[in-house]
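One structure is given here, and the rest of the page talks about it.
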Amino acid sequence: MPKVQIPRSLLASCLVVLAAVGVAFVLFGGPVDAAATKEFTTAELNAAAKKECGDGAIGTTEAACRNGFRNGYTNNKTLQDACIDRETPAGDPVYTDEDRSSCKKGYAAGADLKPITFSNGTSADPDAVGKKCGKDNPDTEAVEGVKTKFNFGCLGDKYDGDRLSPIEDMLYAFVRFISVGVGIAVVISMILAGIQYSSSEGNPEATQAAKGRIRISIGALLIYLFTFSLVQYLVPGGVFNSAVPTPPPISIEVLERTLR
Amino acid sequence: MNSFLDLIKNFAAACSDSAFLGFPTWYKYLQTDDLDVGDSTICTPMLGGLNDIWLVGLAVIEILLRVGILVAVAYVVVGGVKFIDARGDTGGGGKPDKINTAKHTVLDGLKGVVICVAATAVVSFIAGRFTQ
């Protein structure tokens, strides 16, 4: 049976498409969270009706108003059915003309009450630090920033200069993200080397492998330091003059707490 | 991110500070929320932003430090047992040098833990200089 070979280019293009979909999903919120409508619960609706009409006892005009309000919001009954040709349930007082007009008023107010619509994500908290990439042009007041669903650590409006393009902002945010991670990655690598060293049991080859790992980790840190300095030198103003707080580097306290 | 957290919800129980074998939890630096679901609570770690991923990294470092210390202690004990088992056998005549092997097991175990702890201190010192 001949082996089926999948061309590498096909795999690569599949990966690219997947990555693009993922990025789009993170950026624009995806189909689920794009917009959500919250209907009022019964209790919330009753509270709103009481606020609109007052909380008089059953049989008063206020109760008729509340009844109209609820029907107006749910739209189960027409105005005619709810207030004028109302089928009176057993034990309930029959509506007077006063009740009817009060009910109509309530119905209109209830019909005006809209379910709360909020878009969960892109504009849920537009003022949150890092949720906006790029700074708007202060002269033309054109919106040039991009609101993101996920906090990438962008500077947004906190940027000192006049304007900042979203792509630039996000790029610097990624550079900052990676700079914080380099220290953590090197520490993890060195700790793994330490575990390797511990478990070498005096075997020279295993010891050498652990030493090699430490050497590579330190080399990586040094290369990063060099690149960091270069980037900081090349980018005007520097990438790291950040108003967005980054997680603190591993403190000595954490170390002490672990060793205790 | 919400669907990811929904996935976690199906596996996690209430948030706890201490965990398996005294290891800290991976989400210990993340903001967590105990959701009440009927008679039980569900621990939901929150990722507020991209940089929060490194908070998971910090917790992983703590877990690995503990693992490193445990491994070192285990190998010091193993080396001690080997020492006893060697009965002064320094090898010779083609036989393996048991005393030397035992000595190296103990010493390498100790060196390993020194590397773990020193790595955390040194790298956080160096990296802390330039990420601020």
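Throughout, a chain's letter reflects where its sequence line sits, starting with A, and its residues are numbered from 1.
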Looking only at non-hydrogen atoms, find the nearest pair between [X] and [Y] and report the distance.
X	Y	answer
B:Leu64	A:Ile195	O-CD1, 4.0 Å
A:Ser198	B:Gly112	OG-CA, 3.3 Å
B:Trp54	A:Phe177	NE1-O, 2.7 Å

Quiz prompt | Which atoms of A:Thr207 approach chain B - backbone, side chain, both or neither, heavy atom under 4.5 Å | solution =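 Looking at A:Thr207, just its side chain touches chain B.
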
Practice problem: Below 4.5 Å from any heavy atom of chain B, which atoms of A:Ile218 appear? Answer side chain, backbone, both or neither. | Solution: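 Looking at A:Ile218, nothing touches chain B.
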
Quiz item: chain A: which of B:Val76, B:Val71, B:Val114 shares the most heavy-atom pairs with it under 4.5 Å?
Solution: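 So the answer, after comparing B:Val76, B:Val71, B:Val114, is B:Val71.
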
Practice problem: Give the member of B:Asp108, B:Thr105, B:Ile53, B:Ile115 that has the highest number of heavy-atom pairs under 4.5 Å with chain A. | Solution: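 Most heavy-atom pairs within the cutoff with chain A belong to B:Asp108.
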
Practice problem: Determine whether more than 12 heavy atoms belonging to other residues, nucleotides or ligands lie under 6.0 Å from atom CD1 of A:Ile167. | Solution: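 For A:Ile167, atom CD1 is not crowded (no more than 12 foreign heavy atoms under 6.0 Å).
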
Self-check item: More than 12 heavy atoms from other groups under 6.0 Å of NZ on B:Lys111
Solution: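 Atom NZ in B:Lys111 is crowded, with more than 12 foreign heavy atoms closer than 6.0 Å.
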
Quiz prompt | Segment of B:Lys103 engaging chain A (4.5 angstrom heavy-atom cut-off) | solution =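 Neither part.
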
Quiz item: Side chain, backbone, both or neither: which part of B:Val60 has a heavy atom under 4.5 Å from chain A?
Solution: side chain

Return the [atom1] to [atom2] distance between [X] and [Y], rounded to the nearest 0.5 Å.
X	Y	atom1	atom2	answer
A:Ile184	B:Ile61	CD1	CD1	5.5 Å
B:Leu107	A:Tyr197	CG	OH	9.0 Å
A:Ile191	B:Glu62	CD1	CD	9.5 Å

